[in-house]
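Below you'll find the structure, written out as structure tokens, and then a few comments.
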Amino acid sequence: MHMPWPLPDENWFAASQPEPDSPDRRLEALVAQRLCADSTTRRQRIGVTVQNRVVILSGLVSDTDARQVAAELAWDVPGVFDVCNTLRLGDQRRSRR
């Protein structure tokens, strides 16, 4: 699974980053980059997994707009065969306090 946000000990901006070795890893990275670049999905907790060119989106999002935009961004990546959108909406009751 590729998480679109870096862990504290990862240096995502290093120029010597190795290229992903498989087409699925490359697609994971491209989808994650698109999710990070878009203002609607940037702050959402979305996990990206790719198996046989099928993108699987998992995690929690704040609203249906973010869920739909995430799927559309994944579909727009060249080489994606299908998108399985398993994103769930976060608990709206807790955010109203």
Side-chain angles (χ1 to χ4, degrees):
M1 181 183 328
H2 189 85
M3 302 303 269
W5 52 90
L7 296 174
D9 60 341
E10 291 178 335
N11 184 2
W12 283 40
F13 302 104
S16 63
Q17 282 282 25
E19 287 293 318
D21 53 356
S22 75
D24 286 345
R25 294 281 298 159
R26 184 184 63 78
L27 286 175
E28 273 183 14
L30 289 172
V31 171
Q33 286 174 353
R34 293 227 177 154
L35 293 173
C36 285
D38 188 88
S39 62
T40 305
T41 57
R42 177 179 301 136
R43 299 185 190 273
Q44 307 295 324
R45 301 289 290 194
I46 301 173
V48 178
T49 306
V50 177
Q51 296 177 348
N52 298 323
R53 296 180 18 216
V54 175
V55 176
I56 304 164
L57 301 174
S58 59
L60 295 174
V61 293
S62 59
D63 55 29
T64 56
D65 238 6
R67 186 177 190 275
Q68 181 178 353
V69 168
E72 290 171 359
L73 290 170
W75 269 113
D76 286 342
V77 173
V80 170
F81 181 74
D82 198 4
V83 175
C84 179
N85 190 349
T86 64
L87 292 171
R88 295 178 295 136
L89 296 179
D91 188 6
Q92 298 297 322
R93 289 173 283 170
R94 279 195 277 167
S95 64
R96 290 184 183 166
R97 288 185 186 175

- Note on the structure: Rounding to 0.5 Å, atoms CG (Asp63) and CD (Gln68) come to a distance of 10.5 Å
- Dump the intermediate steps for side chain to side chain contact (heavy atoms under 4.5 Å, CB included) on Ser39 and Arg42, then the final yes or no. CA-CA 5 Å; Ser39 62; Arg42 177 179 301 136; 4.2 Å; yes
- Task: Mind listing the closest non-hydrogen atom pair of Val50 and Glu28 along with its distance?
- Result: N-OE2, 3.3 Å
- Message: Once rounded to the nearest 0.5 Å, what's the spacing between atom CD1 of Ile46 and atom CG of Leu35?
- Response: 5.0 Å
- Heavy atoms of Ala66 and Val61 approach each other most closely as CB-CB, 4.0 Å
Indicate every side-chain donor-acceptor pair of residues 76-87 with a distance under 3.5 Å to a residue at least two apart or in another chain.
{"from": "Asn85", "atom 1": "OD1", "to": "Leu87", "atom 2": "N", "distance (Å)": "3.1"}
{"from": "Asn85", "atom 1": "ND2", "to": "Arg67", "atom 2": "O", "distance (Å)": "3.2"}
{"from": "Thr86", "atom 1": "OG1", "to": "Leu57", "atom 2": "O", "distance (Å)": "2.5"}

- All heavy atoms of Asp24 vs all of Arg53, minimum pair found to be OD1-N, 3.0 Å
- Task: Applying side chain to side chain donor-acceptor pair (under 3.5 Å), name anything that partners Gln51, two or more places apart in sequence or on another chain.
- Result: none
- Query: If you measure from CG on Leu27 to OG1 on Thr49, what distance do you get to the nearest 0.5 Å?
  - Reply: 12.5 Å
- Task: Search all heavy atoms of Ala74 against all heavy atoms of Val31 and return the closest pair with its distance.
- Result: CB-CG1, 4.1 Å
- Item | Other ILVMFWY residues reachable from Ile56 by side-chain steps of under 4.5 Å | none
